[in-house]
Amino acid sequence: MQIGPYTLSNKLVVAPMAGITDRPFRQLCKKLGAGYAVSEMAAANPLLRNTPKSRRRILHEGEVEPRAVQIVGSDPATMADSARYNVDQGAQIIDINMGCPAKKVCNNWCGSALLQNEPLVGQILEAVTGAVSVPVTLKFRTGWDRSHINAPEIAKIAASAGIAALTLHGRTREDAYRGMAEYDTIAEVKSLVSIPVVANGDIDSPEKAKAVLEKTGADAIMIGRGAQGKPWIFREIDYFLKNDAFLPPPDFNEIRQIMHEHLQEHYAFYGEAVGVRTARKHIGWYAKNLPDGEKLRSAANHAQTCEEQINEVDRFFMTLLQGL
């Protein structure tokens with residue numbers, strides 16, 4: 001898998017997820033087998049650049065390369081300016097968001113709302129690729145709704161504009177995250193363009209990853225929700241694709257170690273007040289895969305400090321391991 005001058009170590013990409021794919025999570029996924037990760041989306045609007053949330057979203061200090069920042073907006077000139085700004089801040093790849101289905105994004109004619117305006121799509125892509133010397137990629141959906149599937153047209157516009165790679169989620173904006181992703185449109189897009197195509201949507205196991213690659217002919221796969229609480233899914237898929245065999249799952253001791261590392265990095269990144277709150281969702285996802293995990297989720301949600309939260313994790317695993 002090649003994006004501009006960057007050769008990825010494998011076919012596995014961490015999806016940009018708002019409020020989730022921060023630097024600690026990206027780094028953890030890369031350590032556990034992901035070949036590439038894209039940051040959570042950052043608003044192109046220059047008035048929002050200096051908010052604490054925006055600054056954290058584009059912070060890549062010490063991150064495994066290549067460093068990719070996803071930007072979202074609807075004005076070609078503003079998007080071009082945002083791309084230049086983020087490259088100046090250290091981004092090595094710029095990713096353009098035309099896939100987010102959230103109402104607050106689409107109501108501003110950003111994200112997947114742009115799929116309704118193909119001329120504007122072309123203007124944005126040409127403005128951004130013309131503004132920076134680094135590779136520019138595009139993440140999008142199959143269309144606005146099932147009656148308006150235009151991913152093949154968008155893909156051709158993107159290839160003509162100089163986009164280096166495409167990521168296609170096999171759902172429309174109207175679908176949001178409901179139902180099952182479809183892969184026929186991804187396969188069609190792959191057949192139409194010569195640039196790399198990444199398949200996205202409902203990939204949550206080694207078997208599904210292999211099936212999607214075979215179905216679509218995609219160059220790589222992107223995993224989002226499947227990695228929540230299970231960041232080791234990347235090494236499991238990588239092993240399965242290379243060996244056609246299953247890697248043993250992590251034992252409870254390793255899961256505890258992974259959680260410890262993740263939480264400590266998370267707290268250091270966000271600080272005490274924000275860190276203890278934002279860690280709750282990650283602990284909850286880990287807990288879903290653990291026996292009596294609801295006890296851990298509840299205890300972590302009631303913890304008032306990072307130290308208390310870590311202690312609750314240790315107490316849970318001590319009880320769990322004693323019961324084996």
Side-chain angles (χ1 to χ4, degrees), residues 3-4 15-16 18 38-49 54 57-58 68-89 91-145 147-174 185-186 188-198 200 222:
I3 302 178
V38 182
S39 76
E40 51 186 326
M41 64 181 179
N45 186 342
L47 298 178
L48 301 176
R49 283 177 189 164
S54 293
R57 286 185 170 183
I58 63 172
V69 172
Q70 185 182 80
I71 59 175
V72 60
S74 59
D75 176 68
T78 303
M79 290 286 279
D81 179 66
S82 177
R84 285 190 292 265
Y85 171 80
N86 280 288
V87 170
D88 289 344
Q89 299 301 308
Q92 296 168 311
I93 297 173
I94 295 295
D95 186 60
I96 297 174
N97 182 318
M98 292 190 185
C100 181
K103 286 184 179 180
K104 66 179 181 180
V105 174
C106 291
N107 287 346
N108 289 316
W109 281 94
C110 300
S112 55
L114 289 167
L115 301 178
Q116 299 173 93
N117 190 335
E118 293 177 14
L120 180 56
V121 167
Q123 292 167 22
I124 291 172
L125 299 184
E126 289 174 4
V128 175
T129 56
V132 294
S133 58
V134 304
V136 179
T137 59
L138 171 66
K139 187 174 191 293
F140 64 124
R141 287 182 172 238
T142 56
W144 178 252
D145 57 35
S147 299
H148 300 88
I149 301 292
N150 64 339
E153 289 73 24
I154 297 291
K156 287 185 282 188
I157 291 169
S160 297
I163 292 297
L166 299 170
T167 297
L168 181 54
H169 186 147
R171 287 184 172 89
T172 67
R173 187 272 170 182
E174 185 182 55
T185 305
I186 301 177
E188 182 181 357
V189 164
K190 176 58 186 173
S191 72
L192 291 173
V193 297
S194 59
I195 58 178
V197 174
V198 182
N200 177 221
M222 178 175 280

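Starting from 1, each residue takes its place in the sequence as its number.
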(message) Would you say that Ser82 contacts Asn45 through its side chain, given a criterion of any heavy-atom pair below 4.5 Å between the two side chains?
(response) no

(message) Would you say that Val136 contacts Ile163 through its side chain, given a criterion of any heavy-atom pair below 4.5 Å between the two side chains?
(response) yes

(request) Measure the spacing between CG of Leu114 and CD1 of Ile124 and express it to the nearest 0.5 Å. (result) 4.5 Å

(request) Could you tell me which non-hydrogen atom of Ala44 sits nearest to which non-hydrogen atom of Gly73, and how far apart they are? (result) CB-CA, 4.4 Å

(message) Rounded at 0.5 Å granularity, tell me how far CD1 in Ile195 sits from CG in Leu166.
(response) 3.5 Å

(request) First locate atom NZ of Lys156, then atom CG of Asn150, and finally report the distance between them rounded to the nearest 0.5 Å. (result) 11.0 Å

(message) Less than 3.5 Å apart, any donor N or O on the side chain of Asp95 or Thr137 sitting next to an acceptor on the other?
(response) yes

(request) Answer whether the closest heavy-atom distance between the side chains of Lys139 and Asn200 falls below 4.5 Å. (result) yes

(message) Can you tell me how far apart CZ (Phe140) and OG1 (Thr167) are? Round to the nearest 0.5 Å.
(response) 8.5 Å

(request) For residues Pro196 and Ala164, report the shortest heavy-atom separation together with the two atoms involved. (result) CD-O, 3.2 Å

(message) Working to the nearest 0.5 angstrom, can you tell me the gap between Ile94 CD1 and Ser133 OG?
(response) 10.5 Å

(request) State whether the side chain of Asp75 and the backbone N or O of Thr78 hold a donor-acceptor pair below 3.5 Å, judged by distance alone. (result) yes

(message) If you compare all heavy atoms of Ala80 against all heavy atoms of Ala127, which two are closest, and at what distance to 0.1 Å?
(response) CB-O, 3.6 Å

(message) Please find the pair of heavy atoms, one from Ala155 and one from Val193, that lie closest to each other, and give the distance.
(response) O-CG1, 3.8 Å

(request) Specify the closest pair of heavy atoms between Thr129 and Ala161, including all atoms of both residues, with the distance to one decimal. (result) OG1-O, 2.9 Å

(message) Return the CE to CD distance between Met98 and Gln70, rounded to the nearest 0.5 Å.
(response) 10.5 Å

(request) Mind running side chain to side chain contact (heavy atoms under 4.5 Å, CB included) on Leu115 and Arg173 for me, showing each step along the way? (result) CA-CA 9 Å; Leu115 301 178; Arg173 187 272 170 182; 5.7 Å; no

(request) Using atom types as modelled and distance alone, determine if a side-chain donor or acceptor of Arg141 lies under 3.5 Å from a backbone N or O of Thr172. (result) yes

(message) For a quick test of reading the model, state the closest non-hydrogen atom pair linking Gly111 to Val105 and the distance between them.
(response) N-CG1, 3.7 Å

(message) Are the side chains of Pro16 and Met222 in contact, using a 4.5 Å heavy-atom criterion?
(response) yes

